[in-house]
Student: 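What follows is a structure written as C-alpha coordinates; I'll ask about it next.
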Amino acid sequence: MNYKIVEKDKGIVIEGIKDFVPEHILDCGQSFRWVLEDDKSYTGVAMGRVINVNMEGNNVIFNNTDLDDFKNIWYDYFDLGRDYGKIKEKLSKDDVLKEAIKYGEGIRILNQDEWEILISFIISANNRIPMIKRAVNNISQRWGKHIFYNGKTYYSFPKPDVLANATADEIKECGTGFRAKYISETAKMVSKREVDLYGLKDIGYENARQELLKFPGVGPKVSDCILLFSMGYYKAFPVDVWVKRVMRHFYVAEDVSLKKIEEFAQDRFKDLSGFAQEYLFYYARNSMGKDELEQMSTNK
DNA sequence: TTGCAGGGGTCAA
DNA sequence: TTGACCCCTGCA
(Lines give C-alpha, C1' and ligand atoms only; values in the text may rest on other atoms or scores of the structure.)
Protein backbone atom coordinates (compact mmCIF):
# COMPACT_ATOMS: atom_id res chain seq x y z
CA MET A 1 0.00 0.00 0.00
CA ASN A 2 1.13 3.47 -0.72
CA TYR A 3 1.34 5.10 2.68
CA LYS A 4 3.84 5.73 5.42
CA ILE A 5 3.63 4.68 9.06
CA VAL A 6 5.26 7.09 11.52
CA GLU A 7 5.63 6.63 15.26
CA LYS A 8 4.81 9.63 17.42
CA ASP A 9 4.29 10.36 21.08
CA LYS A 10 1.81 7.75 22.41
CA GLY A 11 0.52 7.01 18.96
CA ILE A 12 0.97 6.28 15.29
CA VAL A 13 0.42 8.45 12.25
CA ILE A 14 -0.31 7.04 8.83
CA GLU A 15 0.61 9.56 6.20
CA GLY A 16 -1.01 9.64 2.80
CA ILE A 17 -3.49 6.83 3.32
CA LYS A 18 -6.35 6.44 0.87
CA ASP A 19 -9.78 4.96 1.34
CA PHE A 20 -9.88 5.61 5.06
CA VAL A 21 -12.50 7.88 6.64
CA PRO A 22 -13.12 7.22 10.34
CA GLU A 23 -16.76 8.32 10.14
CA HIS A 24 -17.47 5.95 7.25
CA ILE A 25 -15.71 3.03 8.91
CA LEU A 26 -16.97 3.47 12.44
CA ASP A 27 -20.48 4.66 11.74
CA CYS A 28 -21.57 2.19 9.10
CA GLY A 29 -23.08 -0.30 11.50
CA GLN A 30 -20.35 -2.91 11.74
CA SER A 31 -19.22 -1.97 15.25
CA PHE A 32 -21.06 -0.72 18.33
CA ARG A 33 -18.18 0.35 20.49
CA TRP A 34 -17.06 3.66 19.04
CA VAL A 35 -17.90 7.09 20.40
CA LEU A 36 -17.67 10.34 18.45
CA GLU A 37 -15.71 12.93 20.43
CA ASP A 38 -16.11 16.71 20.35
CA ASP A 39 -12.97 17.04 18.21
CA LYS A 40 -14.55 14.70 15.60
CA SER A 41 -12.21 11.87 16.52
CA TYR A 42 -13.52 8.44 17.48
CA THR A 43 -12.63 6.55 20.63
CA GLY A 44 -13.31 2.84 20.76
CA VAL A 45 -12.72 -0.29 22.77
CA ALA A 46 -11.54 -3.29 20.81
CA MET A 47 -9.27 -6.26 21.36
CA GLY A 48 -9.09 -5.39 25.05
CA ARG A 49 -7.64 -1.96 24.34
CA VAL A 50 -8.78 1.63 23.98
CA ILE A 51 -7.78 3.52 20.87
CA ASN A 52 -8.61 6.95 19.48
CA VAL A 53 -8.71 7.62 15.74
CA ASN A 54 -8.55 11.03 14.14
CA MET A 55 -8.12 12.38 10.64
CA GLU A 56 -6.10 15.44 9.66
CA GLY A 57 -5.93 16.03 5.95
CA ASN A 58 -4.55 12.89 4.36
CA ASN A 59 -3.15 11.60 7.64
CA VAL A 60 -4.85 9.30 10.11
CA ILE A 61 -3.74 9.53 13.72
CA PHE A 62 -4.07 6.58 16.07
CA ASN A 63 -3.72 7.72 19.68
CA ASN A 64 -2.92 5.47 22.63
CA THR A 65 -1.00 2.78 20.79
CA ASP A 66 2.57 1.95 19.83
CA LEU A 67 4.30 0.41 16.83
CA ASP A 68 4.14 -3.14 18.20
CA ASP A 69 0.41 -3.05 18.90
CA PHE A 70 -0.16 -1.30 15.65
CA LYS A 71 1.59 -4.00 13.65
CA ASN A 72 0.18 -6.89 15.65
CA ILE A 73 -3.37 -5.71 16.16
CA TRP A 74 -4.59 -2.53 14.51
CA TYR A 75 -3.11 -3.11 11.07
CA ASP A 76 -5.28 -6.18 10.74
CA TYR A 77 -8.24 -4.76 12.67
CA PHE A 78 -8.51 -1.79 10.30
CA ASP A 79 -7.82 -4.02 7.28
CA LEU A 80 -4.90 -1.84 6.22
CA GLY A 81 -3.34 -4.48 3.99
CA ARG A 82 -6.23 -4.38 1.53
CA ASP A 83 -6.42 -2.22 -1.57
CA TYR A 84 -9.87 -0.68 -1.36
CA GLY A 85 -9.14 1.37 -4.45
CA LYS A 86 -9.15 -1.79 -6.50
CA ILE A 87 -12.36 -3.02 -4.87
CA LYS A 88 -14.10 0.29 -5.55
CA GLU A 89 -12.90 0.28 -9.13
CA LYS A 90 -14.42 -3.14 -9.74
CA LEU A 91 -17.69 -2.36 -7.97
CA SER A 92 -18.03 0.99 -9.75
CA LYS A 93 -18.84 -0.83 -12.97
CA ASP A 94 -22.28 -1.09 -11.40
CA ASP A 95 -24.00 2.29 -11.67
CA VAL A 96 -25.76 2.12 -8.32
CA LEU A 97 -22.56 1.10 -6.53
CA LYS A 98 -20.70 3.88 -8.27
CA GLU A 99 -23.09 6.37 -6.69
CA ALA A 100 -23.08 4.60 -3.32
CA ILE A 101 -19.28 4.60 -3.15
CA LYS A 102 -19.28 8.40 -3.48
CA TYR A 103 -21.05 8.61 -0.13
CA GLY A 104 -18.98 6.02 1.72
CA GLU A 105 -15.67 6.26 -0.09
CA GLY A 106 -13.70 5.72 3.09
CA ILE A 107 -15.45 2.58 4.28
CA ARG A 108 -13.37 -0.38 5.39
CA ILE A 109 -14.56 -3.66 6.81
CA LEU A 110 -13.03 -4.14 10.24
CA ASN A 111 -11.68 -7.50 11.36
CA GLN A 112 -13.33 -7.74 14.75
CA ASP A 113 -13.41 -10.34 17.49
CA GLU A 114 -15.72 -13.26 16.63
CA TRP A 115 -17.17 -13.60 20.10
CA GLU A 116 -17.94 -9.92 20.63
CA ILE A 117 -19.54 -9.70 17.19
CA LEU A 118 -21.58 -12.83 17.77
CA ILE A 119 -23.14 -11.40 20.93
CA SER A 120 -23.45 -7.86 19.55
CA PHE A 121 -25.42 -9.01 16.53
CA ILE A 122 -27.69 -11.27 18.56
CA ILE A 123 -28.53 -8.07 20.43
CA SER A 124 -29.10 -6.26 17.13
CA ALA A 125 -32.14 -8.34 16.19
CA ASN A 126 -35.26 -6.18 16.01
CA ASN A 127 -33.39 -3.44 17.83
CA ARG A 128 -32.11 0.08 17.24
CA ILE A 129 -28.50 1.15 17.10
CA PRO A 130 -28.48 3.36 20.24
CA MET A 131 -30.12 0.51 22.17
CA ILE A 132 -27.62 -2.02 20.86
CA LYS A 133 -24.73 0.22 21.85
CA ARG A 134 -26.20 0.69 25.31
CA ALA A 135 -26.66 -3.03 25.88
CA VAL A 136 -23.13 -3.90 24.70
CA ASN A 137 -21.77 -1.15 26.93
CA ASN A 138 -23.74 -2.34 29.93
CA ILE A 139 -22.50 -5.89 29.49
CA SER A 140 -18.92 -4.66 29.21
CA GLN A 141 -19.28 -2.41 32.21
CA ARG A 142 -20.69 -5.21 34.33
CA TRP A 143 -18.30 -8.02 33.40
CA GLY A 144 -15.42 -6.52 31.40
CA LYS A 145 -12.05 -5.26 32.53
CA HIS A 146 -11.39 -1.62 33.41
CA ILE A 147 -9.23 0.30 31.01
CA PHE A 148 -8.23 3.87 31.82
CA TYR A 149 -7.63 6.34 29.05
CA ASN A 150 -7.61 10.12 28.98
CA GLY A 151 -9.29 10.52 32.34
CA LYS A 152 -12.11 8.10 31.58
CA THR A 153 -12.77 4.47 32.35
CA TYR A 154 -13.57 2.10 29.52
CA TYR A 155 -14.50 -1.56 29.68
CA SER A 156 -13.41 -4.46 27.52
CA PHE A 157 -15.98 -6.94 26.28
CA PRO A 158 -16.09 -9.92 28.69
CA LYS A 159 -14.86 -13.37 27.63
CA PRO A 160 -17.27 -16.26 26.87
CA ASP A 161 -16.61 -18.03 30.18
CA VAL A 162 -17.59 -14.93 32.13
CA LEU A 163 -20.93 -14.52 30.37
CA ALA A 164 -21.54 -18.27 30.56
CA ASN A 165 -21.45 -17.95 34.33
CA ALA A 166 -23.88 -15.03 34.39
CA THR A 167 -27.59 -15.70 34.64
CA ALA A 168 -30.06 -14.80 31.90
CA ASP A 169 -31.71 -12.39 34.32
CA GLU A 170 -28.45 -10.55 34.91
CA ILE A 171 -27.92 -10.31 31.17
CA LYS A 172 -31.45 -9.02 30.78
CA GLU A 173 -30.72 -6.28 33.30
CA CYS A 174 -28.21 -4.92 30.79
CA GLY A 175 -31.06 -3.99 28.47
CA THR A 176 -30.96 -6.99 26.16
CA GLY A 177 -34.67 -7.79 26.54
CA PHE A 178 -35.96 -11.04 25.10
CA ARG A 179 -32.48 -11.77 23.66
CA ALA A 180 -31.05 -12.38 27.14
CA LYS A 181 -31.77 -16.10 27.06
CA TYR A 182 -30.19 -16.37 23.60
CA ILE A 183 -27.03 -14.67 24.84
CA SER A 184 -26.88 -16.81 27.96
CA GLU A 185 -27.34 -20.02 25.98
CA THR A 186 -24.87 -18.95 23.28
CA ALA A 187 -22.26 -18.08 25.89
CA LYS A 188 -22.60 -21.54 27.41
CA MET A 189 -22.26 -23.19 24.00
CA VAL A 190 -19.11 -21.24 23.17
CA SER A 191 -17.68 -21.79 26.61
CA LYS A 192 -18.23 -25.56 26.36
CA ARG A 193 -16.86 -25.49 22.81
CA GLU A 194 -20.01 -27.05 21.37
CA VAL A 195 -19.12 -24.81 18.43
CA ASP A 196 -15.48 -23.95 17.78
CA LEU A 197 -16.16 -20.25 17.23
CA TYR A 198 -12.57 -19.23 16.60
CA GLY A 199 -12.05 -22.04 14.11
CA LEU A 200 -14.89 -20.97 11.83
CA LYS A 201 -12.80 -18.62 9.73
CA ASP A 202 -10.92 -21.59 8.33
CA ILE A 203 -13.75 -23.94 7.32
CA GLY A 204 -15.40 -22.03 4.47
CA TYR A 205 -18.42 -19.77 4.17
CA GLU A 206 -21.16 -22.42 3.96
CA ASN A 207 -19.80 -24.57 6.78
CA ALA A 208 -19.16 -21.60 9.03
CA ARG A 209 -22.68 -20.35 8.43
CA GLN A 210 -24.21 -23.72 9.31
CA GLU A 211 -22.26 -23.71 12.57
CA LEU A 212 -23.33 -20.17 13.44
CA LEU A 213 -26.99 -21.00 12.85
CA LYS A 214 -26.76 -23.49 15.72
CA PHE A 215 -26.65 -20.59 18.18
CA PRO A 216 -30.05 -19.41 19.44
CA GLY A 217 -30.77 -15.88 18.26
CA VAL A 218 -28.63 -16.33 15.17
CA GLY A 219 -30.57 -16.46 11.91
CA PRO A 220 -29.60 -15.73 8.30
CA LYS A 221 -28.98 -12.01 8.72
CA VAL A 222 -27.09 -12.15 11.99
CA SER A 223 -24.94 -15.03 10.78
CA ASP A 224 -23.99 -13.05 7.67
CA CYS A 225 -22.93 -10.10 9.81
CA ILE A 226 -20.70 -12.32 11.92
CA LEU A 227 -19.19 -13.96 8.84
CA LEU A 228 -18.47 -10.60 7.26
CA PHE A 229 -17.39 -8.48 10.21
CA SER A 230 -15.26 -10.96 12.12
CA MET A 231 -14.30 -13.86 9.88
CA GLY A 232 -13.31 -12.34 6.58
CA TYR A 233 -16.01 -14.00 4.50
CA TYR A 234 -16.52 -11.24 1.97
CA LYS A 235 -19.04 -13.27 0.05
CA ALA A 236 -21.54 -12.63 2.85
CA PHE A 237 -24.28 -10.11 2.04
CA PRO A 238 -26.34 -9.35 5.15
CA VAL A 239 -29.80 -8.15 4.20
CA ASP A 240 -31.21 -5.86 6.86
CA VAL A 241 -34.13 -3.50 6.38
CA TRP A 242 -31.98 -0.79 4.79
CA VAL A 243 -30.27 -3.11 2.35
CA LYS A 244 -33.64 -4.63 1.57
CA ARG A 245 -35.01 -1.18 0.79
CA VAL A 246 -32.10 -0.17 -1.41
CA MET A 247 -32.03 -3.49 -3.24
CA ARG A 248 -35.75 -3.41 -3.93
CA HIS A 249 -35.49 0.18 -5.02
CA PHE A 250 -32.70 -0.34 -7.53
CA TYR A 251 -32.35 -4.01 -8.39
CA VAL A 252 -35.19 -6.37 -7.65
CA ALA A 253 -38.99 -6.43 -7.55
CA GLU A 254 -40.94 -5.52 -4.43
CA ASP A 255 -42.03 -9.08 -3.64
CA VAL A 256 -38.59 -10.71 -3.81
CA SER A 257 -37.70 -12.56 -0.62
CA LEU A 258 -34.70 -11.73 1.57
CA LYS A 259 -33.07 -15.00 0.59
CA LYS A 260 -33.48 -14.20 -3.10
CA ILE A 261 -32.07 -10.72 -2.57
CA GLU A 262 -28.97 -12.23 -1.00
CA GLU A 263 -28.59 -14.72 -3.84
CA PHE A 264 -29.05 -11.98 -6.40
CA ALA A 265 -26.33 -9.89 -4.77
CA GLN A 266 -23.89 -12.76 -4.42
CA ASP A 267 -24.40 -13.66 -8.06
CA ARG A 268 -23.82 -10.04 -9.09
CA PHE A 269 -21.01 -9.00 -6.75
CA LYS A 270 -19.33 -12.39 -6.16
CA ASP A 271 -16.47 -12.24 -3.65
CA LEU A 272 -17.00 -8.51 -3.20
CA SER A 273 -20.61 -8.86 -1.99
CA GLY A 274 -19.78 -7.87 1.56
CA PHE A 275 -18.05 -4.69 0.46
CA ALA A 276 -20.97 -3.87 -1.84
CA GLN A 277 -23.35 -4.39 1.06
CA GLU A 278 -21.51 -1.88 3.24
CA TYR A 279 -21.45 0.80 0.54
CA LEU A 280 -25.14 0.24 -0.17
CA PHE A 281 -26.05 0.26 3.50
CA TYR A 282 -24.22 3.49 4.18
CA TYR A 283 -25.67 5.08 1.07
CA ALA A 284 -29.22 4.06 1.88
CA ARG A 285 -29.03 5.04 5.50
CA ASN A 286 -27.28 8.37 5.10
CA SER A 287 -28.32 9.83 1.81
CA MET A 288 -31.76 8.52 1.06
CA GLY A 289 -34.96 8.74 3.06
CA LYS A 290 -36.98 5.71 3.92
CA ASP A 291 -39.94 7.01 1.95
CA GLU A 292 -37.81 7.80 -1.05
CA LEU A 293 -36.41 4.29 -1.05
CA GLU A 294 -39.78 2.66 -0.70
CA GLN A 295 -41.07 4.28 -3.82
CA MET A 296 -40.60 1.95 -6.71
CA SER A 297 -37.78 2.72 -9.05
CA THR A 298 -38.42 2.99 -12.75
CA ASN A 299 -34.99 1.98 -13.98
CA LYS A 300 -34.71 -1.67 -12.98
C1' DT B 1 -50.04 13.82 29.10
C1' DT B 2 -51.00 9.30 27.49
C1' DG B 3 -50.91 5.80 24.09
C1' DC B 4 -49.19 3.33 20.44
C1' DA B 5 -46.36 1.86 16.55
C1' DG B 6 -42.08 0.16 15.23
C1' DG B 7 -37.15 -0.91 15.12
C1' DG B 8 -29.93 -3.58 11.78
C1' DG B 9 -34.64 -10.48 13.06
C1' DT B 10 -35.45 -14.88 15.19
C1' DC B 11 -38.27 -18.41 17.02
C1' DA B 12 -42.18 -21.36 17.34
C1' DA B 13 -46.47 -22.92 15.72
C1' DT C 1 -46.13 -17.90 6.59
C1' DT C 2 -47.38 -15.25 10.70
C1' DG C 3 -47.32 -13.19 15.25
C1' DA C 4 -44.88 -12.43 19.63
C1' DC C 5 -41.02 -10.54 21.65
C1' DC C 6 -37.92 -6.35 25.58
C1' DC C 7 -37.79 -1.70 25.69
C1' DC C 8 -37.14 2.82 24.29
C1' DT C 9 -38.10 6.68 21.19
C1' DG C 10 -40.90 9.50 18.30
C1' DC C 11 -45.08 11.24 17.24
C1' DA C 12 -50.10 11.80 17.30
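Only heavy atoms go into these numbers, but all of them, side chains included; no hydrogens, no water, no symmetry mates. Naming: A, B, ... by sequence-line order, numbering from 1 per chain.
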Student: Just checking A/Lys259: does its NZ atom have more than 12 heavy atoms from other residues, nucleotides or ligands closer to it than 6.0 angstrom?
Tutor: no

Student: Find which nucleotide of DNA chain B each of A/Ser31 and A/Pro216 is nearest to by heavy atoms, and output the residue with the more 5' nucleotide.
Tutor: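 It is A/Ser31 whose nearest nucleotide is closer to the 5' end.
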
Student: What nucleic acid atoms does A/Pro220 come within less than 4.0 Å of, heavy atoms only: base, sugar-phosphate, or nothing?
Tutor: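 If one applies the 4.0 Å heavy-atom cut-off, A/Pro220 turns out to touch the sugar-phosphate alone, with no base involved.
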
Student: Heavy atoms only, 4.0 Å cut-off, all strands: where does A/Phe121 land among base, sugar-phosphate and nothing?
Tutor: nothing

Student: Counting Watson-Crick and G-U wobble pairs whose two distances are both under 3.5 Å, find the runs of 3 or more in a row that involve DNA chain C.
Tutor: B:2-7 with C:7-12, B:9-13 with C:1-5

Student: Return yes if a side-chain donor-acceptor contact under 3.5 Å exists between A/Arg49 and A/Tyr77, otherwise no.
Tutor: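 No, no side-chain donor-acceptor contact under 3.5 Å.
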
Student: Output yes when A/Glu99 and A/Lys102 qualify as a salt bridge under the 4.0 Å nitrogen-oxygen rule, no when they do not.
Tutor: yes

Student: Kindly point out which of B/dC11, B/dG9, B/dG8 is positioned nearest to the side chain of A/Val222?
Tutor: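 Between B/dC11, B/dG9, B/dG8, the one nearest the side chain of A/Val222 would be B/dG9.
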
Student: Between A/Glu89 and A/Lys86, does any NZ, NE, NH1 or NH2 come within less than 4.0 Å of an OD or OE carboxylate oxygen?
Tutor: no

Student: Base, sugar-phosphate, or nothing: which does A/Phe215 touch, judged by heavy atoms less than 4.0 Å apart?
Tutor: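 Sugar-phosphate: the residue A/Phe215, judged by heavy atoms under 4.0 Å, touches backbone atoms but no base.
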
Student: Regarding A/Val243, tell me which of base, sugar-phosphate or nothing describes its non-hydrogen contacts under 4.0 Å with the strands shown.
Tutor: nothing

Student: If you restrict it to nitrogen or oxygen atoms, what contacts under 3.5 Å exist between nucleotides 5-7 of chain C and the protein, and what is each distance?
Tutor:
| from | atom 1 | to | atom 2 | distance (Å) |
| --- | --- | --- | --- | --- |
| C/dC6 | O4' | A/Phe178 | N | 3.0 |
| C/dC6 | O2 | A/Arg179 | NH1 | 3.1 |
| C/dC6 | N3 | A/Arg179 | NH2 | 3.4 |
| C/dC6 | N4 | A/Asn126 | OD1 | 3.0 |

Student: If a pair satisfies side-chain hydrogen bond (donor to acceptor under 3.5 Å, both in side chains) and one of its residues is in residues 218-232 of chain A, list it, with sequence neighbours excluded.
Tutor: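 Only A/Tyr205-A/Asp224, A/Arg209-A/Ser223, A/Arg209-A/Asp224 qualify under side-chain hydrogen bond (donor to acceptor under 3.5 Å, both in side chains).
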
